[in-house]
Amino acid sequence: MEEVRDVKKYQTLLFDVDDTLLDFAAAEDQAFRLLLQEQGVSYKEEWKRQYQQLNQGLWKSFEAGGITRDEVVNTRFTLFFEKMGKKVDGALLEQSYREYLGEGNQLLDGAMDLIAKISNHFDLYIVTNGMSATQEKRLKSSGLYPFFKAIFVSEDTGYQKPMKEFFDYCFDRIPSFNKETALIIGDSLSADIQGGHNAGIDTCWINPLKMDNSLDVQPTYEIAKLEELFLLLKREKQSSH
Ligand SMILES: [Mg+2]
């Protein structure tokens, strides 16, 4: 059961995008299929699996400091198509892939309903890691875009979640921003919850798979579904009057 807590009314809600409002796996899958199609290759589950393995391996090398981000994205398709004996320009294909990814506008269940419902009562902002053009395009074509007062994408800020500097950049650009009445909502412990903690604001972890919390940091709230946020906000608002 929910505990009765000393609650307050929130004014500023900062939303993550991927796997919070939009379905990233669906966007990736669609982009991958379109890329294969563009290259005249028929889709096979096996190829998707191989690509994922290769892609994850490259990102691991990046995280370990072995290669740069650009090297990851500009070589992943060169290496992947090499596996099928096809020589391609990886950097060029990455551009196509990103275009296709920008078409990935699959809303998660309840996302539109929730955002539309709360947008008159709170100031909504997007805080997302990624490429600005891609994220903006996805938010626009999903229909979510007009509900947000501003979209903050890591590429524009020069920093990324969970860095405090990323949030400082956002806070500086939110009119009469107050940390006490701000809440970040996201699915990632390491980016969103750690980020909110670093920035000194309350956090709401969306945890549909009921994963264990691997951080030392406790989220202020934990919900399994986005819809639960509506009740949470309503409750907080009522109890602050
Ligand atoms: Mg996310």
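Whatever order the structure lists ligands and atoms in, that order sets their numbers, starting from 1. The first residue of the sequence shown is numbered 1, and numbering continues consecutively from there.
For the Mg ion (ligand 1), the nearest N, O or S atom contributed by Asp16 is named OD2. Within Asp187, the N, O or S atom lying nearest to the Mg ion (ligand 1) carries the name OD1. Within Asp18, the N, O or S atom lying nearest to the Mg ion (ligand 1) carries the name O.
Aromatic ring pairs are classed by plane angle as parallel below 30°, tilted from 30° to 60° and perpendicular above 60°; the pair Phe171 and Phe177 is parallel.
Closest heavy-atom contact between Asn207 and Glu222: ND2-OE2, 3.0 Å.
With a 6.0 Å radius and a threshold of 12 heavy atoms from other residues, nucleotides or ligands, Asp89 has its CG atom above the threshold. Heavy atoms of other residues, nucleotides or ligands lying less than 6.0 angstrom from NZ of Lys164 number 12 at most.
Not a single N, O or S atom of Asp192, from either the backbone or the side chain, sits less than 2.8 Å from the Mg ion (ligand 1).
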